[in-house]
Amino acid sequence: MNRLRRFFASMVGRLFVILLLGMSVAAIGATMLASAKRQQEFERQNLNRIADRLQGYVNLLDGNPELRDRLLDSGGPSVRRLPPGARVGRPDSALMEVLDDRPGPVSSSQVAFTSFRSCLPRLPELPHPKKPRNGPPRERDPAFIPPKCRMVALRLSDGTPLQLALDSPAVAHNGILAVDPLFLTLLVMAIAVLAYIVARIASAPLQRLASAAAALGDDLQGAPMPVTGPLEVRRAAEAFNAMQKRLQRHLGERTQMLAAITHDLQTPVTRLRLRLENVADETLRERLIGDLAAMQALVREGLELARSAESAEQRAALDLDSLLESIVEDAAEAGADVRFEQPSGAILMLRPLAMHRLFSNLVDNAVTYGQSARVSVEQDAEKVVVRIRDSGPGLAEEELEAVFDPFVRLETSRSRETGGAGLGLTIARALAEKDGARLLLRNHPQGGLEAVVEWPATLRVGNARPG
């Protein structure tokens, strides 16, 4: 039900409903109109056949005066003498219009409907009556036209007046196709398939634009959108590509500015450090040198944050186990309590240098603030997950997301003596998102803080196997 609700909330679903309803109404209306036209043509042909029978019988009576009485007594095909006392109903103007165009005595005929009993043969000619059937009466087939009886009054060429009973036999016709359930079902199914295909084609450019916008957030240096399709789609693609170029230029200018600041600050910072070495008060000297080092770290991490979003490093097949093992070995050689506990064999299309920086930051963060790091990798049919767990005190629930904001340092759980400008996790998340991953922090049920980096399985190289 949720999938169906999401479908009808999408552009494809709404276009599908509009096309399905509009095309169904139009098709059913056109079918009913065509069926009505066919029914009118059927009625006209039926009236012509009735007029032909009447004209043939009247011409026979008009041309044979000596046989007229015998012909009237025997009757003709669906024509016989009108019995006395027959009740006359409303005129049949349709048949009179047809007869007006005929030559001979029938052209001046007056036609009116009468009781069908007037068209029945005389009583001795009736067959033996059958026993009545038990049970409810049968419903009349809508494709069945019941017989009708008409009174025809005319004068022959010699002035003899005649009153004839003219019956039209019961006939069956094709009916109105629009009310046939099977026909309606097939028609609506065909329209539904066509409407769905048209809706998908119409919404495809919007889906491509949405995918390009999502990819732009992960990789600003990605390839531009192809400028193809209808005029409106090409204009949207051109506007999107122009926006991407402006963002790239803006980020490049920001990075260049930070790089210039960092470079230009090196000389005065070096001079300041040399001069601070000459401060006689040792305590004051150490405090000033510490503040200077903090300023250098702040500038350096700001530049690294800018470069993490601008990097144009190409992706390659990367063995996660090998990368994490090398990072863990380097940290262990430096004396940290770090272990790689669970390999998986996962191979993903990632940026090697960016991933090295990402996991180095996370491992250093775990060792610095949680005294240890336990690294593991898991993969299944849907995702690949790297977990880095420390043994520290963890964080409050409302702080798990706040620590990713730039320059945020939580004093309740992180010592200021360890240094840092509060950009480590911000840089880590930027690196992860640029490679299509999701980075989050959570408190482990058994204690400590756990950093989780998760990729969709679509980034996995084909020869990798779920562990």
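Residue numbers run from 1 in the order of the sequence given.
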query: Stepwise, does the side-chain contact (heavy atoms from CB on, under 4.5 Å) test hold for Leu323 with His356?
result: CA-CA 7 Å; Leu323 173 66; His356 190 281; 3.7 Å; yes
- request: I would like to know whether Phe340 and Ile327 meet side-chain contact (heavy atoms from CB on, under 4.5 Å); could you show each step before the answer?
  value: CA-CA 9 Å; Phe340 185 49; Ile327 294 174; over 6 Å; no
Ile50 side chain near Val98 side chain, heavy-atom distance below 4.5 Å: no
query: Hey, which of Val363, Asp330, Ile388 is the one that makes side chain to side chain contact (heavy atoms under 4.5 Å, CB included) with Val338?
result: Val363
Closest approach of Gly436 to Pro456 (non-hydrogen atoms, all atoms of both residues): O-CD, 3.5 Å
query: Have Arg357 and Ser360 got a donor and an acceptor in their side chains that come within less than 3.5 Å?
result: no
task: Specify the closest pair of heavy atoms between Gln371 and Thr368, including all atoms of both residues, with the distance to one decimal.
output: NE2-O, 4.4 Å
message: Can a donor-acceptor pair be found, under 3.5 Å and without considering hydrogens, that links the side chain of Asp92 to the backbone of Phe113?
response: no
task: Look up atom CZ in Arg44 and atom CZ in Arg49, then write down how far apart they are to the nearest 0.5 Å.
output: 10.5 Å
message: Restricting to salt bridge (Lys or Arg N to Asp or Glu O under 4.0 Å), what partner residues turn up for Arg53, sequence neighbours left out?
response: none
message: Nearest 0.5 angstrom please: Arg38 CZ to Leu33 CG, how far?
response: 10.0 Å
- request: Give the ring-plane orientation class for Tyr196 versus Phe16, where under 30° counts as parallel, over 60° as perpendicular and anything between as tilted.
  value: perpendicular
message: Checking the side chain of Thr114 only, and the main-chain atoms of Arg150 only, is there a donor and an acceptor separated by less than 3.5 Å?
response: no
task: For Leu15 and Val198, run side-chain contact (heavy atoms from CB on, under 4.5 Å): C-alpha distance rounded to whole Å, both residues' side-chain angles, the deciding distance at 0.1 Å, then the answer.
output: CA-CA 8 Å; Leu15 286 175; Val198 172; over 6 Å; no
- request: Return the set of residues passing side-chain contact (heavy atoms from CB on, under 4.5 Å) with Glu401 (not counting sequence neighbours), or none when no residue passes.
  value: Phe404, Arg429
- prompt: Hey, does the side chain of Asp319 reach the backbone of Ile347 with a donor-acceptor pair shorter than 3.5 angstrom?
  reply: no
task: Among residues two or more places apart or on two chains, list those pairs meeting side-chain hydrogen bond (donor to acceptor under 3.5 Å, both in side chains) that have a residue in residues 224-240.
output: none
Set of residues satisfying salt bridge (Lys or Arg N to Asp or Glu O under 4.0 Å) with respect to Glu382, sequence neighbours excluded: none
task: Taking all non-hydrogen atoms of both residues into account, name the closest pair between Val111 and Met96 and its distance.
output: N-SD, 3.5 Å
field: Minimum-distance pair of heavy atoms, taken over all atoms of Ser344 and Val377
entry: OG-CG1, 3.1 Å
field: Set of residues satisfying side-chain hydrogen bond (donor to acceptor under 3.5 Å, both in side chains) with respect to Arg438, sequence neighbours excluded
entry: Glu454
- request: Using the test side-chain contact (heavy atoms from CB on, under 4.5 Å), find all partners of Pro224 that sit at least two apart in sequence or belong to another chain.
  value: Asn241, Gln244
message: My understanding is that only residues two or more places apart in sequence, or in another chain, count here; which of them pass side-chain contact (heavy atoms from CB on, under 4.5 Å) with Ala27?
response: Leu187, Ile191
- prompt: CD of Gln342 to CG of Asp321: how many Å apart, nearest 0.5 Å?
  reply: 9.5 Å
query: Applying salt bridge (charged side-chain N to carboxylate O under 4.0 Å, His left out), which residue pairs with at least one partner in residues 274-289 are found, sequence neighbours left out?
result: none
message: If you apply the rule side-chain contact (heavy atoms from CB on, under 4.5 Å), what do you find for Leu431 with Arg351, and how did you get there?
response: CA-CA 9 Å; Leu431 293 171; Arg351 297 173 300 151; 4.2 Å; yes
query: In Å, rounded to the nearest 0.5 Å, how long is the span from CG of Asn365 to CG of Leu425?
result: 5.0 Å
Any donor-acceptor N/O pair, Asn443 side chain to Leu395 backbone, under 3.5 Å: yes
query: Hey, what do you get for OG (Ser78) to CG (Asp167), rounding to the nearest 0.5 Å?
result: 4.5 Å
task: May I ask you to test the Val452-Val385 pair for a side-chain heavy-atom distance under 4.5 Å?
output: yes
message: How about NE2 on His444, more than 12 heavy atoms from neighbouring residues, nucleotides or ligands closer than 6.0 Å, or not?
response: yes
field: Sequence neighbours excluded - salt bridge (charged side-chain N to carboxylate O under 4.0 Å, His left out) pairs with any residue from residues 333-342
entry: Asp337-Arg374, Arg339-Glu341, Glu341-Arg374
statement: Residues Ala381 and Ala457: closest non-hydrogen pair is O-CB, 3.4 Å
- prompt: Could you state the interatomic distance from CG (Asp435) to CG (Leu348), rounded to the nearest 0.5 Å?
  reply: 9.5 Å
- prompt: Sequence neighbours excluded, which residues qualify as side-chain hydrogen bond (donor to acceptor under 3.5 Å, both in side chains) partners of Arg249?
  reply: none
message: Please enumerate all residues that pass side-chain contact (heavy atoms from CB on, under 4.5 Å) together with Leu247, with sequence neighbours excluded.
response: Leu216, Leu220, Met243
statement: Here the pair of heavy atoms bringing Leu449 nearest to Gly394 is CB-CA, 4.2 Å
Distance-only criterion, 3.5 Å: show the donor-acceptor pairs between side-chain atoms of residues 203-213 and protein atoms not counting sequence neighbours.
| from | atom 1 | to | atom 2 | distance (Å) |
| --- | --- | --- | --- | --- |
| Ser203 | OG | Ala199 | O | 2.9 |
| Ser203 | OG | Arg200 | O | 3.4 |
| Ser211 | OG | Gln207 | O | 3.0 |

